[in-house]
Amino acid sequence: MDRIRAAKRPIILAGKGALNADAHEALVCLADQLAAPVTTTVLAKDLFLDHPSNLGICGGLSHPAAVQTISESDCILVFGAALNAYTTHNRELLDGSNIIQIDDTPASFGKYLHVAETIPADARLAAEAISSALTEHRRDADRDWLERVQARLRSHDPRADFDDQSHAETIDIRTASIRLNEVLPARRNMVSDIGRFVFGAWPHITTPEPEGFTTMGAFGSVGLGLAGSLGMAAARPDAPTVCVIGDGGFMMNPTELATAVRESMRLIVVIYDDGAYGFEWHKMLNFGADPAHSLLAWPDLESVAKAMGATSRTIRRLDELDEVPKLTEDIDGPVVLVVKLDPTVNIAQ
């Protein structure tokens, strides 16, 4: 407790363990007591979606305002997160930080980087106990820093974080994802495949309930996202399920779409189509090989989706996304949006 009481610029970082422990309310209460901004791992994405001090995802997908705030912090309270390479941005973001790691799985302690203190405990129960101890000792939070952070977050515009590289026939994935977040049904679940597209999709497309998001990681193996989306659509039918997937992943198991059509599933499939295995394009380029070997000669994906019975559109320009609300209103079967990207645009730098 001494480290927590002494902290002037603390941050609360929540992982999947905090989500599973139903720790949201306790962590919000603790954040208020500590005057602490809040952030999450990818697997707890959107746990603090509407909180005024929400920094979003911690790690390689952090936006500049979040990175600045994390770098200013003098204490990070980690609840139910293993602090892997993605959360720490290969240690660069959190290495050397004053970290207190709280987890009900002691094997997670210090697994990926050094931490100052460890507490073996359930995330919710630990947050409640810390709140109670702070109340008893009347810790006076220094809110000046928090107010500066909140002002920074209010002025943050994700569109200003990058140079839009949309062209006549393709759209920048970040620009497309920011707009999709605005035009997709407000109540939604989301299942993600794996691929280069996640750098553009995960930070910008949110889910109102964090339990409604999952990613089909599978050791980085692409192609499981569409099948996983069918599972989510069946398990949580009260809201449409958005599947975000690359063209390579979609074409590994396109027949799953026929099942969604047959079962009239409320499914919106966003195919980020760069006509290539995107990571491989840039890996080959970096190794001095011809990146054209990563290009793929698919059939027209809009036609493939329509042939299976789905509603489908190809998106090449931002204004074409304006049709999405009409396409997804009272959705009673799959809608497929094929968003055309340029494989040479590298957003994973």
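Quick caveat, the model's predicted, so the values are computed rather than measured.
For the atom pair M232 CE and M190 CE, the distance stands at 9.5 Å (nearest 0.5 Å). Here the straight-line distance linking atom CD1 of I119 with atom CZ of F79 works out to 7.5 Å at 0.5 Å rounding. In this structure, the separation between CG on L230 and CE on M265 is 4.5 Å, given to the nearest 0.5 Å. Distance check: D95 CG to Y112 OH gives 15.0 Å after rounding to the nearest 0.5 Å. Taking CG of L55 as the reference point, atom CG of L13 lies at 9.5 Å (rounded to 0.5 Å). One finds the CG atom of L224 at 9.0 Å from the CE atom of M252 (value rounded to the nearest 0.5 Å).
Between the T39 side chain and the G56 main chain, a donor and an acceptor come within less than 3.5 Å of each other. With hydrogens and angles disregarded, a donor-acceptor distance shorter than 3.5 Å links the side chain of S62 to the backbone of I57. Between the side chain of N253 and the main chain of E256, no donor-acceptor pair closer than 3.5 Å is present. Side chain of R9 to main chain of S73: no donor-acceptor pair is present (N/O by atom type, distance under 3.5 Å, no hydrogens or angles). A donor-acceptor pair under 3.5 Å is formed between the side chain of D157 and the backbone N or O of R159. Looking at D172, its side chain does come within 3.5 Å of a backbone N or O of Q165 through a donor-acceptor pair. A donor-acceptor pair under 3.5 Å is absent between the side-chain atoms of D193 and the main chain of V222, judged by distance alone. Side chain of T170 to main chain of S166: no donor-acceptor pair is present (N/O by atom type, distance under 3.5 Å, no hydrogens or angles).
Atom CG of N286 has more than 12 heavy atoms from other residues, nucleotides or ligands within 6.0 Å. Dense packing is recorded around CZ of R236, with more than 12 heavy atoms of other residues, nucleotides or ligands lying under 6.0 Å away. No more than 12 heavy atoms of other residues, nucleotides or ligands shown are found within 6.0 angstrom of CG on D163. Within 6.0 Å of atom CZ in F109, more than 12 heavy atoms from other residues, nucleotides or ligands are found, so the atom counts as buried in its surroundings. More than 12 heavy atoms of other residues, nucleotides or ligands sit less than 6.0 Å from atom CD of E72.
Under the 4.0 Å criterion applied to side-chain N and carboxylate O atoms, K326 and E323 are not assigned as salt-bridge partners. The existence of a salt bridge linking R124 and E128 is confirmed by a sub-4.0 Å separation between a basic side-chain nitrogen and an acidic carboxylate oxygen.
Taking the side chain as every heavy atom from C-beta outward, E211 and L19 approach each other to under 4.5 Å. At least one side-chain heavy atom of L83 sits under 4.5 Å from a side-chain heavy atom of I99. Between L27 and F48 there is a side-chain heavy-atom pair separated by less than 4.5 Å. You'll find the side chain of V269 stays beyond 4.5 Å of the side chain of V242, heavy atoms only. Two residues are said to be in side-chain contact when any heavy atoms from C-beta on lie closer than 4.5 Å; P343 and Y277 fail this criterion. Between Q101 and E117, every side-chain heavy-atom pair lies at or beyond the 4.5 Å cut-off. Using a 4.5 Å heavy-atom cutoff, the side chains of L94 and I76 are in contact. A 4.5 Å side-chain heavy-atom check between F213 and N189 finds every atom pair outside the cut-off.
Nearest heavy atom pair, residue A123 against residue A18, reads CB-CA, 3.7 Å. Residues H89 and G59 come closest through the heavy atom pair CB-C, 3.9 Å. Of all heavy-atom pairs between T69 and P37, the closest is CG2-CG, 4.0 Å. The nearest pair of heavy atoms linking L321 to V183 is O-CG2, 3.8 Å. Shown here for T118 and V115, the closest heavy-atom pair between the two residues is CG2-CG2, 3.6 Å. Between T207 and L49, the closest heavy-atom pair is O-CD2, 3.7 Å.
Checked against F197 for a ring pair (Phe, Tyr, Trp, His ring centres under 6.0 Å), the options F279, W202, Y272 give a single hit: Y272.
Side chains of T206 and N181: a donor-acceptor N/O pair is present below 3.5 angstrom, by distance only.
When the side chains of ILVMFWY residues are joined at heavy-atom separations under 4.5 Å, either directly or via intervening members, W281 and I194 end up in two distinct hydrophobic clusters.
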